[in-house]
Amino acid sequence: MLDVQSVNLHYGAAQALRGVSLKAEVGKVTCLLGRNGVGKSSLLRAIVGLKPVSGGTIRWDGGDITKLAPYERARRGIAYVAQGREIFPLLTVRENLLTGYAPLPRAQRSIPEEVFELFPVLKSMLDRRGGDLSGGQQQQLAIGRALVTRPRLLVLDEPTEGIQPSIIKDIGRAISYLRDRGGMAILLVEQYYEFARDLADDWAVMERGEVMLAGSRHGLDESEVRKYLTV
Amino acid sequence: ARAQDTIKVGILHSLSGTMAISETTLKDVMLMLIEEQNKKGGVLGKKLEPVVVDPASNWPLFAEKARELLSKDKVAAVFGCWTSVSRKSVLPVFEELNGILFYPVQYEGEESSRNVFYTGAAPNQQAIPAVDYLLANEKVERWVLAGTDYVYPRTTNKILEAYLKGKGVKAEDIMVNYTPFGHSDWQSIVSDIKKFGSAGKKTAVVSTINGDANVPFYKELGNQGVKAQDIPVVAFSVGEEELAGVDTKPLLGHLAAWNYFQSVDTPENADFIKKWQAFTKNPKRVTNDPMEAHVIGFNMWVKAVEKAGTVASDAVIDSLIGVTVPNLSGGYSAMMPNHHISKPVLIGEVQENGQFEIVSQTPGLVVGDEWSDFLPDSKSLISDWRAPMSCGNFNTATGKCGGKGS
Amino acid sequence: MLTRFLLLGLDKRAGVLLTVLAVLAVAVPVMALAVPPDSPFHLPMHSVSLLGKYLSFALLALALDLVWGYCGILSLGHAAFFTLGGYAMGMYLMRQIGPRGVYGHPELPDFMVFLNWKELPWYWQGFDQFWFAALMVLAVPGLLAFAFGWFAFRSRVTGVYLSIITQAMTFALLLAFFRNDMGFGGNNGLTDFKEILGYDIQAPATRVGLFVATVAALAAGYMVASSLVASKLGKVLVAVRDAESRVRFLGYSVERYKLFVWTLSACMAGVAGALYVPQVGIINPSEFAPAASIEAVIWVAVGGRGTLAGAVLGAVLVNYGKTYFTAALPELWLFALGGLFVLVTLFLPKGILGLAADRFRKREPAAAVPAAASKGA
Amino acid sequence: MPRALRLWAAMLLVVAATAATLSGALAADLKPLVRNLGAGGFADTEAAIAALAQTGDPAVVPVLQALEAGDLYVRKEDREVVRGSASNGGYTLTDPLGGAALGEAGRGAVDKIRINNSLRRAISAALGSLTLMSPDAGARRAAADSVFKTRNPDGLAALETALGRENDPAVRSIMEQARAAILLTAAGTPDADRLGAIETIRARGDQESLALLNAVRSAEGASAAVRAAADKAFEAVEMRLSLWGMAQNLWYGLSLGSVLLLAAIGLAVTFGVMGVINMAHGEMVMIGAYATFLVQDAIRTYAPGLFDASILIAIPVAFLVSGAVGVLIERTVIRWLYGRPLETLLATWGLSLVLQQAVRSIFGPTNREVGAPSWMSGSFELGGLVITHGRLWIVIFAFLVFGLLLVALKRTWFGLAIRAVTQNRNMASAMGIRTARMDALTFGLGSGIAGLAGVALSQIDNVSPNLGQSYIIDSFMVVVFGGVGNLWGTLVGALALGTVNKFLEPYAGAVLGKILVLIFIILFIQRRPRGLFALKGRAVEA
Amino acid sequence: MSAENTLLYVDGVSVSFDGFRALNSLSLIIGPGEMRAIIGPNGAGKTTMMDVITGKTRPNTGTILFEGGTDLTRMDEAAIANLGIGRKFQRPTVFENHTVWDNLELALKNPRKTWSALAYGMNPKDRARIEEILDITRLSPRRERLAGSLSHGEKQWLEIGMLLAQDPKLLLVDEPVAGMTDAETEQTAHLLKTIAGTRSVIVVEHDMVFVRELGVKVTVLHEGSVLAEGSLDSVSANRQVIDVYLGR
Ligand SMILES: Nc1ncnc2c1ncn2[C@@H]1O[C@H](COP(=O)(O)OP(=O)(O)OP(=O)(O)O)[C@@H](O)[C@H]1O
Ligand SMILES: Nc1ncnc2c1ncn2[C@@H]1O[C@H](COP(=O)(O)OP(=O)(O)OP(=O)(O)O)[C@@H](O)[C@H]1O
Ligand SMILES: [Mg+2]
Ligand SMILES: [Mg+2]
């Protein structure tokens, strides 16, 4: 289980997160909602280790990972799909996928079939450079790459951005499949409300660097949530 | 008041940059000479104090440092410079501030300043005797004049061309080749030389290649099998120090012309080498010609100062002319009125151990000729810094000081 | 319009720098000429020339910072413009020697006489006139920069590719000027100057005059540069630096903007070179050496890239350091200077003035943007 | 007895007889001649050599060889010429003629017989005619070569005898050429012989042949037929030579190119792949060269027998030393500068100053000698090409290093990881790649390769603190010209620049040639603003 | 088809990258004041089409005419932008070292010549316009921030703001609502609708709710050429469109 406890985070003097706490359980999808600039991505960056926190703790799997370097967190099974895709532009699609081998022991180094089932376009473009792909293709690549690491915590930052509707549906199905398969916690930041609502087991809503609402799917009061999402 | 206790001597040699490779040694020689002199009690009862600065192979910096030495440190004399351009750069400073510079390196001539004493060779003390040797002993008929593209090789080659043509060598038997500083790929040029040399006439190379470029040049000569017996190379800028960086086995017999070789067999030289190796704590440390020039220059300066009884520039400059000190090759060098000195000219062949075997020596001393007789515009110039002439470029044709005009 | 433009650049930092320059322009002549030599306030003549040299380097640094700090053009060949300006001035000074050369030729400089040249080459004509030389000081570097920039910017050569071809340019010039056949004195360059505008170049008053002229040129250059960067044009330049192609989609012709500052900067560098030459007394091809250009870049980086005052400060400090260390630590000064460069990079990432700027910046801190950081070279 | 046999027998008899008389009767007469070698000045020695050669006695061969090697001394007490070999503090003396031991002598007791170039020439000419019949084919070949060079008509008879007995076809053909050369230069050769000789010389077809034919062509009193034949042969040889000249230029280009390649390839890693504007790259090369020097120095003092392997030993050592320095630099300085590529310029410039001065302080400012192992010295001929061994090995070495690096970067996990790290450090780390370790290893790799370049450069250039400085600019040119980040670009760029340079040099001269190459680079970049092998597409523009 | 009376006339445009055809003789006509939505699978060539129109990519074949006569394929990016074609990129690109305010100032419709930039002084009209845009994009509180420190969504808004400031005749908007909340999406749709009429707009978006909101003619691209055209309802009923794009 991922357990974020009262995390603070600063960009220079500006505080982006104020005492944020969040849990993401294995076998569940936890959705994080909120308007632009409220700190969703910042929280994810803190979880995967790309941005050091200035206070609070992050625990995963019972261990404290607050101070670990990103690559060590990756070794503990945390995979990250960044906002804005962040693929390696000059590596080919295949090489981009292969980078996912880094945290794996030799025996497990293979690309899982589900990646190509989910995103068939990647298979046909294996030798094209990642940077040459279209925006949506890159997004697919980013998700596929994260899956190669066989994560136990999958952190997704707006994974549907720029993706065509049919594939969004596929991604949705894939996420629930991964959840149902068990053994994986999924933390999802999403603006596409319906998509999030359909998937979420648990959810949290942020506002100005703080978590305002949190709960399980059953306790979800849609109008209350929407209040935080409108302007 | 404290400054009165010592006499400061400036040392203006590059300790970094491209010229450090040659000049650092000269700084060390100067430190040794000064130390020795101090052991003997200094000069005029005062200790000498070396002031070392690093002009960093940067020509404007030479001028700046010279100015600093003269006006801030108030040194009595400066020993320094290697390249012509560094000397040209400091020259106005020495003239303006009326300092004294001892310049220890062979150069192209065409200069005579009241404030500079040239203890290295002028072209007639090096190039011409070398060519004479090749003409007489090697019966050379074709000539390659290979040099780095700067003033010294240009001038020397110009003088040599004129000289050779005067000896009846045809224009097509002279090949002139210039390369940039630090040239390191000599494949084509060496092969051109081989080609030029296989036309059935005895061929020699006169090299005014400078500094760093020599090592790759000689390595290429060795590799392409250009043997001294077939095409000898005579160099004016390659001494023991330069050879220390190459494997000399394939270079056996190539020549150099200098006024001093480490292999000179005299007690003075043996003594000097011993002191030098002790000073540098390196029993393999070699000596070379510009070092000897500094030895001569320094001794001359000491003698002149004692003669004048003061370190004041004007007095020392005047008393320097005519001063005679022993050189390391067994004779006496004298400071001439043109501020150049008299020296023997030695030709040496490279040996396997990196030393030179002296194969020829001028019977007497040769006086440095600042204005070459083989260049049309300087033919009629002479220099004499004694009163009443006191002129560096006196025109014997017009009878006036100041070149050919005025 | 011009005054409004120049007022643009007058912020607090400019005020400080201009005041310092004004003080120098008054104090140095007084201390050098009027204060008696035994007074502790006396400034020896060689210090005046040294200061003058630093300040002409500062002008070069300023010119470089304009293109590098604000427009992102890392020129590794700026010394070429500096040196060309220097040569233009040097040629004037050579012509001023007249028949006082060693060979006494009425017109030909010594090095030509001694290489048997018979008459003055065409490109030496006119340099006996100061106004012509002054024009050439601007025109030669300016035209070269214009031609070079016109091709390079139109072909969209950017980044290291541009840097390296600027280096190739200066390297080619170095080799060319080394050639004695070029008629610029080869390796020895131009030296042994006697007079400038009829004044003895070694006379204290002339030296002080040259110094004051340098201060004035630097001040003027600073005013122009700082107004430029404060104007909208300056903002466009910064935008070009950060996202060149995005600027194009806004309709700005990036080539023209670059060409404009590039040429302007080259002219400034030329002026710097012209002021440098009479104060150090020699100009020769080694000033074209790529290392010289890189050093200028280093000055800017040390002072603080993208802050004009930083460029000035960096040039003065590094050169003073060089003067000081080469005398005080002749055998170890490279350790000192090299170490300094490393330390500045590590501990003052934005240069000396960058540090100061961070301290006093009112705005929120600048972005250490992860995405931008990954872009690499 | 058939005629041929009889002739054979007669000839054998004559030869045997001569040999017997010479060795027996004249052995005593050689002594004073040898003694003359030490008589005085160079001119006297030369006369003595000539006299010795005149005897035609093979016994003088070792004497002359000893003289050439500088092993002959004059014993001061009796002016006797002896052969000396250095033994502790003095010399062990032997008789140059018989080899009989003559005891020991102190340093001061003997004077070395000095030789100069003209003596060396005289010796090889003398040895030439004396060793034509040596049992060693190599010696015969050298002898024939030297006869060809001296073209001494007096040697014709000996040469013809030797030719009659020669079985080795290669030596035979040189002897024939030597004979032809003598025939052509000698006066009074019949036209028929001359024409034959011209054919032989034409077949030889080198620069010397050209000179020889030219002399024949312009000789006065040559018949029209001979002149015409010489003309034709001259043109044929000239044609052949100019073709080979092109090939030679190509080879020079290739070899210069591979030097550039070696110098640049480390930079292709630190700068091309990692994006560090590495001004200290040249110093890494220099450190490699000094490592080579140290290895060789150690071998010279401790295991002189290994000298020929010294370069091979130096290769891993230089790689490790430079690599280690690289890792150190990365860990202490560069790693703070990722994402600020321009600052790396400042820091590495500072480092390069420090490293230069450090080496200067430790090893002194002067050049250090790195010798060439025997398998890297000298040259061989391939048709009309002269290929020096050293250059050949450098070419091979450069390609080898290039190939290995290519494999390492393109085919291994390490290569993939490092490319990922340099393209997006944060994301690579989030993917689980140990970015810090990768950075250090890569910088170390690039520096290590620079060290390898140092090993090669120590063979052709100065080993001095300035070594690196002279290659840094060229290296950057090559990497940028080829296209940053593309190894193939670096390869092609280096070879192209090398070749262009070498083709320009003969026409424009070295200085102008270099200027033209620089202008070529500037213009080329206008056509291809991202280098020769530019990456295209969105991936780079984004 | 004729080029007269059209604002943008794209005919038979093909683009290929190393043999891959990203655009395959694409034709498209936009009238003055028209707004057009473009949808299509990932990799269909939508962004490439914008690249071709704005001069970033040169087409291999085909014509692109602006305002009936100007041939865009021969012009560079700056010249095309000056004709009045503005663009918002799929991935937000703003000037990270400039403040939000300066970003807008640079985008503002003003003469682009070097000298004009040198002599430019902020006038009240421009100031008012920037304020207005800041309001629309809700970036007023961020005006003094460096654009680099904005969140992803804020950068999206800033880019839209810059497009508005440019005041172009033709707006090319690539995925404007990616990363926006539903409410913002609605707002953006409204904003674009107000612009259309006086300006022509081409919008690329995958958000069907948004496209429906726009209520304009839709073009479906697939593999570099037009697959279907018409109202959203009609194209969404198209089997092929469902197969390749919408999914079931
Ligand atoms: N690199 C940065 N430097 C400075 N401030 C930043 C940086 N990145 C984000 N911020 C600020 O931190 C706050 C939170 O940003 P964050 O990216 O976490 O928002 P978000 O919730 O992910 O928004 P969006 O939905 O737009 O992606 C914002 O105010 C933003 O301006
Ligand atoms: N430089 C290039 N090299 C190779 N292929 C390229 C290049 N540029 C684009 N492509 C390919 O062209 C196709 C069209 O890309 P484009 O970006 O136009 O798609 P798109 O319709 O905008 O997709 P999305 O909705 O995902 O943004 C894609 O398959 C992409 O991979
Ligand atoms: Mg976000
Ligand atoms: Mg797209």
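As the structure is a computational prediction, the values presented were derived from the model and not from experiment. Lettering follows sequence order; numbering is per chain, from 1.
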State, to 0.1 Å, how close [X] and [Y] come at their nearest heavy-atom pair, and which atoms those are.
{"X": "C:M169", "Y": "C:G77", "result": "CE-O, 3.8 Å"}
{"X": "C:V342", "Y": "D:A347", "result": "CG2-O, 3.6 Å"}
{"X": "D:P365", "Y": "D:P465", "result": "O-CD, 3.6 Å"}
{"X": "C:M182", "Y": "C:A176", "result": "CG-O, 2.7 Å"}

message: Could you tell me if D:S464 and D:N466 have a donor-acceptor pair between their side chains, going purely by distance under 3.5 Å?
response: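 Short answer, no.
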query: Is it true that the side chains of C:H78 and C:T170 contain a donor and an acceptor less than 3.5 Å apart?
result: no
Using heavy-atom distances under 4.5 Å, tell me whether [X] contacts chain D through its side chain, its backbone, both, or neither.
{"X": "C:A291", "answer": "both"}
{"X": "C:L173", "answer": "neither"}
{"X": "C:L175", "answer": "both"}

Heavy-atom pairs under 4.5 Å with chain C: which of [options] has the most?
{"options": "D:G350, D:G483, D:G531", "answer": "D:G350"}
{"options": "D:I519, D:V479, D:I473", "answer": "D:I473"}
{"options": "D:K514, D:Q469, D:Q526", "answer": "D:Q526"}
{"options": "D:F476, D:W336, D:W349", "answer": "D:W349"}
{"options": "D:L516, D:L512, D:L523", "answer": "D:L512"}

Side chain / backbone / both / neither for [X] at chain C, heavy atoms under 4.5 Å:
{"X": "D:L337", "answer": "side chain"}
{"X": "D:R360", "answer": "side chain"}
{"X": "D:M427", "answer": "neither"}
{"X": "D:A358", "answer": "both"}
{"X": "D:S352", "answer": "neither"}

field: Validation row: C:T263, C:F148 side chains within 4.5 angstrom (heavy atoms)
entry: no
message: Applying ring-ring contact (aromatic ring centres under 6.0 Å, His included) to C:Y87 and C:Y123, what does each step give before you reach the verdict?
response: CA-CA 12 Å; C:Y87 263 98; C:Y123 46 83; over 10 Å; no
field: residues 150-158 of chain C: residues contacting chain D (heavy atom under 4.5 Å, by number)
entry: C:F151, C:A152, C:S155, C:R156, C:V157
- prompt: For chain D, which residues from residues 319-338 of chain C have at least one heavy atom closer than 4.5 Å to it?
  reply: C:E331, C:L334, C:F335, C:G338
- request: Assess whether ring-ring contact (aromatic ring centres under 6.0 Å, His included) is satisfied between C:F81 and C:W262, documenting all intermediate values.
  value: CA-CA 11 Å; C:F81 305 125; C:W262 175 249; 5.5 Å; yes
query: Do the charged groups of D:R425 and D:D439 touch, with an N to O distance under 4.0 Å?
result: yes
C:E255 bridged to C:K258 by N-O distance under 4.0 Å: no
Donor-acceptor contact present, side-chain [X] to main-chain [Y], <3.5 Å:
{"X": "D:T344", "Y": "D:V276", "result": "no"}
{"X": "C:S163", "Y": "C:L74", "result": "yes"}
{"X": "D:T348", "Y": "D:M279", "result": "yes"}

- prompt: So with a 6.0 Å cut-off around CZ of D:R437, is the heavy-atom count from everything else above 12?
  reply: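 Check fails, neighbour count at 12 or below.
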Mutual orientation of the aromatic rings belonging to C:F177 and C:F288 [parallel < 30°, tilted 30-60°, perpendicular > 60°]: tilted
